[in-house]
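No experiment lies behind these values; they were computed from the predicted model shown. All chains are named by letter (A, B, ...) in the order of the sequence lines, taking the proteins before the strands, and each is independently numbered beginning at 1.
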Amino acid sequence: MKITWFLRLRAIRMIQFVVAMAFGITVTAFGQPSMMPLLPNGPTSERINIVILSEGYTAAELGQFRTDATNTLAALFANSPLSGYQEHFNAFAISAASAESGSDHPSRGIYRDTAFGSSYDNAGIARYLTVPQRQPVYNILYQFIPQYDLVVILVNDEEYGGSGGRFMTISKHSATAEIVRHELGHSFANLGDEYTTGDSSGYDLPNATQVTDRSLTTWKAWIDNSTLIPTPVSSGTEAQVGLFAGAHYNSPGWYRPKSNCKMRSLGVDYCEVCKEALVKAIYAQSSPLRSQEPAAFLANLVAASSQTFRVKTTTPPSQPMEIRWLLNGSPMSETSSNLVLSAAQLNPGTNYLQVKVADKTSLVRSDPGALLQASYTWQVVLQASSQLRIERPTRLQDGRMVFNVVGKAANGMRIETSSNLTTWTPVATYGSLDGTVSITNSPANGSVTIMRAVCLP
Amino acid sequence: MEKSASNPTSRRPVCALRPAIMSLALFIAAVSPALGVGGDTNRFIALQLKVTANQVTLMQALEFPGKAKPDPKRKGLDYVIRTVDGAVIRRGSIENPRFERACTEEQPGSGTLTESTSTLAEAITVLRLPVDPNADSIEFFQSPATGASLSSAAKSLGKVPIKAP
């Protein structure tokens, strides 16, 4: 019995080894990495995917990691604007056991054998916590969720530390939640730092500019005409959006939108301009229009009938989604997510029904890319109530023609024949038709005969 | 579900890959219903690149189902995608992974931030692109420091094929 279990264990280990080698993942004695959804909101292709990776958690500590990951996620969504837009995000926790608990602290001679090799003391700064080797991180992302968007490496170490960049790395220290929210501005919305210490670099960002012409400033929609440009820092301008000197690691020559903001100091809210950039970054990846019914582009209506069209949208935090319906380019009165369209509203033949949805949040004043909007168009064909078609014409061995007439003819139909498409001669009349009737005809030998079915008025 | 995996620097027997591919397929199949995953008709290719001061080289290329997600577009490395005939079909830029930066508080809880940077001799990054049958190669250039557009005189850091084996 013991031998049997031993062999099974060997087989499981071998499978784990082969799988891990194929993906370049280090096999530990603590089992395979696994992924758990924390916030499942939809297809990974259509949502923003946050991935939280365990680092420095032993197998016995992975239960704690799932709790810590849940808390980290709650911290990410604690503030506006993300708090109102959670449904645009998925979140996952990937548990990868480390052989030892914690992280490296080289300045104190502390080294730990961990899944991703995290370390404090980078660039000579004790709080600079990062993962120098990215290959194992990419390997595990490829394995579980290649459509990752935001990656947070959660390090099981109580000492304060973290860093941004392609992967956000944070420790368990309570103050790191603010670092995550600040770094999110960089990683997700391409926001720049608004403080002035550091190395300068030289191009405009959504919240940092060298432009001092009010009309050319990217956040001009937020600047009142009465606001001084550049804007002095004073108690009277704290709440204003303007052009405040000092941003992007430079005191002179660079300007930020507001006196203070989370991109300048921790513990304060994002300013209006940074909130706008975050909302636009959300909609750049996740449409406000979720689905539509009918799902098919083409819808057919017949006279005296109607059809319901529906859209499902996301729910903006401050006010309902604006929904507009247009028929052949003309606005309709309906503003709800359902529209009942009757045949009487349609032109004969092809019509176009369009629905436009838009988040009219006050958080966004300028949306030149129309990121907060989406639309869908159906082609709606009004079919005549009486319509016939000829199917399956076949010549029999004795020379006769047989064919089917299919469709609706409420008042009956007439079969006509012609040899020149100009003069038509009735050959038979039938009563009302709703379905298929088979017609057999005996054309004259050697002549060309054209047949047609005509609905009676 | 299809997936191709390859590392040009290593050779593994095909039979050794099968369990891994099957595991991934089973995982995706298991997760898909819960997440509403499915119906992705397009595919993307993930180029894993090694970046040094003078060169960008391809480490591996993997193809996955689904829409290509955007990678951070901060200026660092500019790229040009060309057809087999050399016609440019797309331009873009990604962060240079060699330049790492950290915003750190001067004192925990003080709220006052300062920037720390470090430059690595080499670093790995990933660029995810929609699968385009016309895309043959991608060439990388150092982005101008001012954020200006790529000039014709920019020094090439290397050209790599866009193909998942």
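- A search for ring pair (Phe, Tyr, Trp, His ring centres under 6.0 Å) contacts involving Phe44(B) returns Phe64(B), not counting sequence neighbours.
- Chain B forms more heavy-atom pairs under 4.5 Å with one residue of Asp193(A), Val268(A), Ile179(A) than with any other, namely Asp193(A).
- Per-residue counts of heavy-atom pairs under 4.5 Å with chain B were compared for Gly124(A), Ala123(A), Pro146(A); the largest is that of Pro146(A).
- A distance-only check finds a donor-acceptor pair linking the side chain of Arg127(A) to the backbone of Glu105(B) [under 3.5 Å].
- Between the Glu115(B) side chain and the Tyr249(A) main chain, no donor and acceptor come within less than 3.5 Å of each other.
- Within 6.0 Å of the CD atom in Gln133(A), the count of heavy atoms belonging to other residues, nucleotides or ligands does not exceed 12.
- Most heavy-atom pairs under 4.5 Å with chain A, from the set Ser110(B), Ser118(B), Ser116(B), Cys103(B): that is Cys103(B).
- The shortest heavy-atom contact between Gln147(A) and Lys67(B) is NE2-O, 2.5 Å.
- Lys69(B) places no side-chain N or O within 3.5 Å of a backbone atom of Tyr148(A) that could act as its donor or acceptor partner.
- Residue Leu129(A): no heavy atom, backbone or side chain, is found under 4.5 Å from chain B.
- Contacts between Thr130(A) and chain B at a heavy-atom distance below 4.5 Å involve the side chain alone, from C-beta outward.
- Residues Pro70(B) and Asp149(A) have side chains in contact (heavy-atom distance under 4.5 Å, counting atoms from C-beta outward).
- Proximity to chain B (any heavy atom under 4.5 Å) is shown, for Phe188(A), by neither the backbone nor the side chain.
- How far CZ of Arg134(A) is from NZ of Lys50(B): 14.5 Å, rounded to the nearest 0.5 Å.
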Exercise. Evaluate the criterion side-chain contact (heavy atoms from CB on, under 4.5 Å) for residue pair Arg166(A) and Asp71(B); output intermediate values, then yes/no.
Key: CA-CA 9 Å; Arg166(A) 188 66 192 95; Asp71(B) 293 299; 3.4 Å; yes
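- With a 4.5 angstrom heavy-atom cutoff, Glu183(A) touches chain B only via side-chain atoms.
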Query - Worked verdict on Tyr138(A) versus Gln60(B) for side-chain contact (heavy atoms from CB on, under 4.5 Å) - result: CA-CA 11 Å; Tyr138(A) 281 122; Gln60(B) 62 176 341; over 6 Å; no
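- Put simply, CE on Met59(B) and CD on Gln135(A) are 4.0 Å apart, with the number rounded to the nearest 0.5 Å.
- The candidate with the highest count of non-hydrogen atom pairs below 4.5 Å against chain A, out of Ile124(B), Thr125(B), Val126(B), Leu113(B), is Leu113(B).
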